[in-house]
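Here the structure comes first, spelled out in structure tokens, and everything after it is commentary.
Positions are given from 1 along the sequence. Here the structure is a predicted model, which is why all the values come from computation and not from measurement.
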Amino acid sequence: MKNNIIKYFIAGSLLASFSCTSDFLDVDSRQDVDVADATTTYDPVMLVNGIYGEMTEWDYAFSWLGVTEIISDNADKGSSPTDGGSDKLILDNLEHTAATGSIDAMWTRFYKTIGRANQSIRYTENYGLTDQNYKNRLVGEAKFLRALHYFWLVRMFGDVPIQEIDNTESWVTRRSKADVYAYIEQDLLDAINLLPNKNQYPSADLGRATKGAAQGLLAKVYLYEEKWQQAYDMAGNVMTSGQYGLESDYAKIWRVAGENGIESLFEVQARGQSVAHGVQQYSQTQGARGTGGWGWGFNVPSQNLLNAFNDAGDNIRRDATIIFRGETLYDGRLVPNTVENPMYNEKAYSSANLGDADGDKNIRILRYGEILLIRAEAATHIGADAATPLNLVRTRVNLAPISSPTKEDVWKERRLELAFEHDRWFDIVRTGQGKAAMSANGKVFVVGKHELFPIPNNQIIQTPTIGQNPNW
């Protein structure tokens with residue numbers, strides 16, 4: 001068993017994952033490490049670059065859709081009725097199991113990325129860098145990325161192993177959710193102290209993790225832990241930093257002109273050409289399918305989501321989120337009536353690359369609009385001002401202000417503001433809305449089971465003592 005674990009660590013390490021280039025996204029994404037690479041010396045920045053590179057892989061173009069959006073009331077599988085998308089129909093129907101491929105894929109991808117972060121931190125700290133600021137930044141980037149992936153793991157699976165690079169036995173024991181969150185918090189507190197502000201990076205390094213990104217993610221982590229005062233305060237730190245603001249045009253956020261803009265705290269970078277490809281096929285898998293279309297047609301908006309937009313009178317966010325069959329898009333492209341599905345995800349649309357496998361679409365992970373909603377939700381729990389941050393978000397899209405918002409008002413706002421940004425499933429779980437929300441969407445959410453995903457069978461086979469989540 002130890003040999004298998006060690007091989008897994010090495011396969012996920014950074015020791016030969018990069019081409020030598022000044023652009024930090026020119027990353028060779030191959031997963032295997034050549035024997036000769038073990039004796040090669042690399043600049044530590046190349047190892048950090050490889051952590052980012054993990055986030056451009058195929059799993060984020062398809063499996064990620066299944067376990068974050070298709071499973072929720074925001075989306076349906078889409079595509080053709082005869083195309084189940086491997087396991088996407090299973091996820092859409094809440095019929096997934098420990099053998100479901102998308103769940104296994106994301107577990108594996110998250111831990112590979114964490115393995116790269118561990119190797120990067122260890123390598124950087126022992127490399128002998130004399131520029132302390134540079135060293136701090138590289139360690140801070142790796143800790144931010146490690147924290148992000150542990151956050152994604154803990155909200156999917158609850159108790160999970162904490163991968164310790166010098167202790168292979170750490171794989172056989174799952175740590176409590178509280179322990180994992182404490183580990184995430186410490187990584188992010190370290191990153192806040194180590195990372196520069198967004199405006200301190202040169203243009204060639206735009207998109208790297210920043211102090212504001214670490215503060216924003218920590219605010220979100222506190223929100224999930226129901227540490228309301230800490231979430232409120234940390235969101236406030238982002239708001240008063242002078243680094244961020246709301247994009248005036250909501251629709252612009254997901255276009256090329258909005259990439260790494262004033263609203264962006266962190267997004268996965270894409271360049272649209274080999275070797276520095278975009279997230280492989282992210283736009284292609286979600287593009288309009290059929291005659292006159294340009295993609296596979298998966299992860300389509302549900303009628304339930306459309307109704308939520310319409311009931312709120314939220315035309316601006318509706319039309320920026322949903323591509324309708326028969327409409328003409330902002331760039332002049334006609335979506336003909338011959339495409340297969342009536343709606344598609346506009347936030348995944350790439351005007352330049354369309355259905356190309358190497359897309360140019362940056363995936364927005366964390367942005368200022370969400371920080372305001374974190375502040376607002378936390379405020380409803382501590383008796384602070386929730387109206388001001390909530391209404392900044394609402395005013396942008398011409399919705400009337402709410403004078404005394406409740407937490408339910410903020411939850412509704414999160415759904416409409418953040419639709420198809422890979423948070424909806426986890427929002428309905430953490431707020432206890434899972435059963436009601438999925439019932440309204442015609443699906444059966446089993447309380448005591450569906451709050452967590454099952455630990456993948458492949459991992460249990462390798463490490464039987466790891467155990468399974470309840471009722472799986």
Side-chain angles (χ1 to χ4, degrees), residues 17-19 21-30 49-65 68-69 109 113 145 198 201-210 213 247 249-289 292-300 320-323 327-335 339 344-367 419-422:
S17 300
F18 328 100
S19 60
T21 171
S22 59
D23 190 325
F24 85 94
L25 288 168
D26 284 345
V27 175
D28 180 348
S29 61
R30 61 196 166 93
N49 293 350
I51 315 172
Y52 292 100
E54 276 289 308
M55 300 177 71
T56 68
E57 295 298 335
W58 159 249
D59 295 328
Y60 289 99
F62 209 36
S63 295
W64 187 233
L65 310 181
T68 60
E69 290 291 350
R109 181 64 58 192
T113 309
L145 294 169
K198 183 178 180 179
Y201 276 113
S203 59
D205 285 325
L206 191 64
R208 290 188 180 276
T210 64
E247 182 70 58
D249 180 0
Y250 180 83
K252 181 182 174 182
I253 297 169
W254 294 275
R255 300 173 186 173
V256 172
E259 289 184 350
N260 302 309
I262 190 173
E263 188 152 347
S264 174
L265 271 72
F266 185 70
E267 54 194 76
V268 178
Q269 304 297 302
R271 291 294 181 269
Q273 59 185 359
S274 187
V275 169
H277 54 68
V279 178
Q280 291 186 38
Q281 298 172 265
Y282 183 80
S283 296
Q284 184 184 54
T285 57
Q286 300 178 76
R289 182 184 182 108
W294 55 88
W296 298 7
F298 285 96
N299 195 36
V300 299
T321 302
I322 301 174
I323 293 174
E327 80 163 291
T328 299
L329 298 175
Y330 68 91
D331 57 359
R333 189 177 309 282
L334 173 67
V335 185
V339 297
Y344 296 95
N345 175 14
E346 187 157 346
K347 290 182 180 179
Y349 174 68
S350 167
S351 179
N353 287 65
L354 279 182
D356 291 353
D358 280 330
D360 65 345
K361 188 78 179 184
N362 282 12
I363 300 181
R364 281 59 169 174
I365 301 297
L366 191 61
R367 58 185 180 83
F420 288 99
E421 296 180 51
H422 307 288

Contact between [X] and [Y] at the side-chain level, heavy atoms closer than 4.5 Å - yes or no?
X      : Y      : answer
Ile365 : Val268 : yes
Leu206 : Tyr201 : no
Leu145 : Met55  : yes
Tyr282 : Leu65  : yes
Asp356 : Gln281 : no
Asn260 : Asn362 : yes

[X] and [Y]: which non-hydrogen atoms are nearest, and at how many Å?
X      : Y      : answer
Ile253 : Glu247 : CG1-CB, 3.9 Å
Ala270 : Gly359 : CB-O, 3.8 Å
Trp58  : Gln280 : CE3-O, 3.8 Å
Asp360 : Glu259 : O-OE2, 3.3 Å
Glu346 : Ile322 : OE1-O, 3.3 Å

Exam field: side chain [X] to backbone [Y], donor-acceptor pair closer than 3.5 Å:
X      : Y      : value
Glu54  : Gly50  : no
Thr56  : Gly53  : yes
Thr285 : Ala61  : yes
Tyr52  : Ala209 : yes
Lys361 : Asn353 : no
Lys347 : Ala419 : yes

Quick one: are the ring centres of Trp294 and Tyr349 less than 6.0 Å apart?
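That pair passes the under 6.0 Å test.
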Applying side chain to side chain donor-acceptor pair (under 3.5 Å) to Glu69 and Asn299, what does each step give before you reach the verdict?
CA-CA 7 Å; Glu69 290 291 350; Asn299 195 36; 5.8 Å; no
How are the rings of Trp296 and Phe62 set to each other: parallel, tilted or perpendicular (split at 30° and 60°)?
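Rings of Trp296 and Phe62: perpendicular, as their planes differ by over 60°.
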Measure the acute angle between the ring planes of Tyr60 and Trp64, then classify it against the limits of 30° and 60° as parallel, tilted or perpendicular.
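Answer is perpendicular, since the angle exceeds 60°.
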To the nearest 0.5 Å, what is the distance between [atom1] ([X]) and [atom2] ([Y])?
X      : Y      : atom1 : atom2 : value
Arg333 : Ser351 : CZ    : OG    : 6.0 Å
Ile363 : Trp254 : CD1   : CH2   : 13.5 Å
Phe298 : Arg289 : CZ    : CZ    : 6.0 Å
Leu366 : Glu263 : CG    : CD    : 10.0 Å

State which residues pass salt bridge (Lys or Arg N to Asp or Glu O under 4.0 Å) with Asp59; sequence neighbours excluded, sorted by chain then number.
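Checked Asp59 against salt bridge (Lys or Arg N to Asp or Glu O under 4.0 Å); matches are Arg109.
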Do Arg367 and Glu421 sit within salt-bridge range, that is, some charged N less than 4.0 Å from a carboxylate O?
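Looking at Arg367 and Glu421, the cut-off is met.
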